[in-house]
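Take a look at the structure below.
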Amino acid sequence: MKAKLHTTEHILYEILLRRFNVESKATEFKPDCCRVDYSCLEDLRKHKDELEREVNDIIEKDYEMISYSLPREKAADVVDLRLVNPDLQ
């Protein structure tokens with residue numbers, strides 16, 4: 001369940017980043033739920049239904065998930081590492 005929540009959080013974050021230029025401030029994952037704090041100038045609660053629909057639409061497309069490891073220097077060319085612990089190798 002934790003992997004599904006984590007993946008869903010990535011989907012939501014990408015949508016929020018593109019539409020509202022949010023910044024993720026804190027993330028907490030538990031076995032059956034997660035909490036993410038975003039910084040945004042707009043009240044995201046008024047967009048809850050449309051955001052939920054958009055996330056669910058992406059999930060329902062059942063895209064293939066690929067997981068791989070890269071050295072940190074190469075990963076920086078592919079993803080934004082600002083949210084990744086700098087001590088991770």
Side-chain angles (χ1 to χ4, degrees):
M1 175 76 125
K2 186 174 180 181
K4 288 182 181 182
L5 286 173
H6 191 144
T7 301
T8 302
E9 190 280 324
H10 278 287
I11 293 168
L12 176 61
Y13 177 65
E14 189 63 31
I15 292 168
L16 292 173
L17 183 62
R18 290 177 186 201
R19 290 182 57 194
F20 302 102
N21 197 32
V22 302
E23 186 175 342
S24 179
K25 293 294 190 179
T27 306
E28 177 183 16
F29 287 96
K30 294 181 179 180
D32 60 344
C33 66
C34 73
R35 188 199 93 248
V36 183
D37 296 335
Y38 298 107
S39 175
C40 183
L41 296 176
E42 189 165 342
D43 184 355
L44 297 175
R45 291 174 292 193
K46 64 184 178 183
H47 300 283
K48 179 192 173 293
D49 291 341
E50 66 188 85
L51 291 168
E52 184 175 342
R53 203 169 25 257
E54 195 169 345
V55 169
N56 285 331
D57 287 347
I58 291 170
I59 291 170
E60 288 173 7
K61 290 181 180 176
D62 199 25
Y63 290 109
E64 178 182 6
M65 298 296 297
I66 300 171
S67 176
Y68 55 93
S69 298
L70 294 172
R72 188 174 188 88
E73 309 78 52
K74 291 188 179 189
D77 294 334
V78 180
V79 296
D80 182 356
L81 294 178
R82 289 178 295 168
L83 300 176
V84 178
N85 181 336
D87 295 330
L88 289 177
Q89 295 299 318

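Numbers here simply count residues along the sequence, with the first being 1. Side-chain atoms are counted along with the backbone in the values below, which use heavy atoms only and exclude waters and symmetry mates.
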- Message: If the condition is side chain to side chain donor-acceptor pair (under 3.5 Å), which residues does K48 pass it with, not counting sequence neighbours?
- Response: E52
Using the side chain to side chain contact (heavy atoms under 4.5 Å, CB included) criterion, which residues pair with [X]? Sequence neighbours excluded.
X   : result
R53 : D49, E50, D57
R35 : A26, E28, D37
E42 : F20, C40, K46, H47
L41 : none

What's the shortest heavy-atom distance between [X] and [Y], and which atoms?
X   : Y   : answer
T8  : I59 : OG1-CD1, 3.9 Å
L44 : L51 : O-CD1, 4.3 Å
A75 : L70 : CA-CD1, 3.8 Å

- Task: Would you please name every residue forming a salt bridge (charged side-chain N to carboxylate O under 4.0 Å, His left out) with D43, sequence neighbours left out?
- Result: R45
With rounding to the nearest 0.5 angstrom, report the [atom1] to [atom2] distance, [X] to [Y].
X   : Y   : atom1 : atom2 : answer
H10 : S24 : NE2   : OG    : 9.5 Å
E60 : I58 : CD    : CD1   : 10.5 Å
E14 : R19 : CD    : CZ    : 13.0 Å

- Item | Side chains of Y38 and L12 in contact at under 4.5 Å (non-hydrogen atoms) | yes
- Message: With a 4.5 Å cut-off on side-chain heavy-atom distances among I, L, V, M, F, W and Y, is there a chain of contacts connecting Y63 to Y13?
- Response: yes
